[in-house]
There are 2 protein chains.
Amino acid sequence: MSSRAAQKEQTRRAIVDAALRLSSARGFASVSLRAIAKEANIAPNAFYRHFKDLDDLGLALADQVGLSLRQLVRQARRRVLDAGDGSVVRNSIQMFMEFAENDSDLFRLLLGGGAGASPAFRRAIQLEVKRFTSDLVEDLIREAETSRRPIAHPELAAEAMVTIAFNLGANALDLPSDQRLAVLERIVAEVRIIMRGAEAMAAGWGSPAKD
Amino acid sequence: MSSRAAQKEQTRRAIVDAALRLSSARGFASVSLRAIAKEANIAPNAFYRHFKDLDDLGLALADQVGLSLRQLVRQARRRVLDAGDGSVVRNSIQMFMEFAENDSDLFRLLLGGGAGASPAFRRAIQLEVKRFTSDLVEDLIREAETSRRPIAHPELAAEAMVTIAFNLGANALDLPSDQRLAVLERIVAEVRIIMRGAEAMAAGWGSPAKD
DNA sequence: GACATCGGTGTACGGGTGTGCACCGAAATA
DNA sequence: TATTTCGGTGCACACCCGTACACCGATGTC
């Protein structure tokens, strides 16, 4: 066992966690290297032993965001398969919100979409969101097959759902917890509208005339 | 006529424009008072003759954003009433994208949603977006009446549409112009899904069974 | 024409920023 | 055990930040 490498990993984690904690308030872009070092109980210079840049740290943060998202997808799939109680939509979004509340620091990063940060960081975050959307597309298609309700434009529908959930979800994070439930209901309702629309299109229902 | 007040208004505008220009790159939050002053060809201290704070400037920017949005709504309504060519959805979103490209600095602010900025600024921006959504709700209801296609949950549908248009639109702004058209089409398609869903719900189509 | 108003300027301050340099001490290696 | 490696430290530098102060000069008022 390597006490050397272990301790290095430990302070690296401390740096990442500190950055996460500080970023939740005003975004990653507005956090200084020195502030992170102080929060991690580290001399500012020690930062460079772990990351080349603040941008470099940003990529590490994006990685962790992606990790958390994939974990979310896995758990949501398991939960939906396990018990068929309640609607798939509500269950999934509820789980999403729980995740967001637990790892609120991470999800605040996600919500901001990296606005105001370096292009590299922004790209990395958007990539993770895209991966998440792809997973959702799979689920939509699978669910459509098993429930025998075909769905039109699954990619577009998924993108719309993810956009709404992330935006309103982010919005909900800095709301008192007694209002968060209402936001969750709004997300669920809007996602259902999208579901219904995609199904209606697949079924040929409605007006191709003038929209 | 007051040469005094006129010149004051002029440099005030110069400050606002400079702030807008600088904010488009990395967001309003990451722009310094000194940088704004330099961009406006002004001594840093002169800033205080016009605004108390950077926050104060932020509110002025939010005001201008709101102004531009209301102008957009007015023109879109006129355009839709004038000629019935093409779909309402496509026409509206096309006009939205044109606006966004012209005043791209303003819309970049909007897109960021004020992430990473002061709470006051964020609230102001979100308020303007909310007003815009309200206007859209009106239009949806009116359109539903004249076209005799009732729509369910117009507020939720409008919120979903605005969220998607703003997010993807913002996304499109830092894309080469030859790819923007594709994004526009994606927005149109997703908004149509929402339309169809809201109409299907109103018509009672589809499954209240298990979703 | 004398005076007050006020937008704009230059200087200066205390503090925060990223980062280069020399150094220490413990773990890893020989 | 002697030597190398390397994570961590303290100091120092040059720069940018917001903003307080005293001041100027043109415009507006009496």
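Proteins get letters first, then strands, A, B, ... in listed order; numbering begins at 1 in each.
As a whole-Å value, the separation of Phe47(B) CZ from dG18(D) C1' is 11 Å. To the nearest angstrom, P of dA20(D) lies 11 Å from CG of Leu33(B). For the pair Glu39(B) CD and dC17(D) P, the interatomic distance rounds to 13 Å; values are reported in whole Å. A straight line from CZ of Arg34(B) to P of dG15(C) spans 16 Å, rounded to a whole angstrom. Between the CG atom of Asn41(A) and the C1' atom of dG8(D) there is a distance of 13 Å, rounded to whole Å. In this structure, Lys38(B) places its NZ atom 7 Å from P of dC16(D), rounding to the nearest Å. Put simply, CD1 on Ile36(A) is 14 Å from C1' on dG16(C), counting in whole angstrom units. Taking atom CG of Leu22(A) as the reference point, atom P of dT17(C) lies 11 Å away to the nearest angstrom.
In this structure the side chain of Glu155(A) never reaches within 4.5 angstrom of the side chain of Ser134(A), judged on heavy atoms. Looking at Leu59(B) and Asp55(B), their side chains never come closer than 4.5 Å, going by heavy atoms from C-beta outward.
Between dG7(C), dT9(D), dT19(C), one nucleotide has an atom nearer to the side chain of Lys8(B) than all others, and that is dG7(C). Picking from dG18(D), dT19(C), dG8(D) the nucleotide with the shortest atom distance to the side chain of Asp53(A) gives dT19(C). The side chain of Tyr48(A) approaches dT19(C) more closely than any other nucleotide in the set dT27(D), dT19(C), dT9(D). Set against dG7(D), dC23(D), dG28(D), the side chain of Arg4(B) has dG28(D) as its closest nucleotide. Side-chain proximity of Arg49(A) to the nucleotides dT19(C), dG8(D), dT19(D) is greatest for dG8(D). Closest to the side chain of Pro44(B), out of dG18(D), dT19(C), dT19(D), is dT19(D).
Taking 4.0 angstrom as the limit, Thr11(B) places a side-chain polar atom (N or O) nearer than this to OP1 or OP2 of dG8(C). The side chain of Ser32(A) places no N or O atom within less than 4.0 Å of a non-bridging phosphate oxygen (OP1 or OP2) of dG16(C).
The distance from atom CD1 of Ile187(B) to atom CZ of Arg180(B), rounded to the nearest 0.5 Å, is 11.5 Å.
Between Gln7(B) and Ala35(B), the one whose closest nucleotide on DNA chain D sits nearer the 5' end is Ala35(B).
Side chain of Ser68(A) to main chain of Gln64(A): no donor-acceptor pair is present (N/O by atom type, distance under 3.5 Å, no hydrogens or angles).
Phe166(B) and Phe132(B) have tilted rings, their planes meeting at an angle from 30° to 60° on a 0 to 90° scale.
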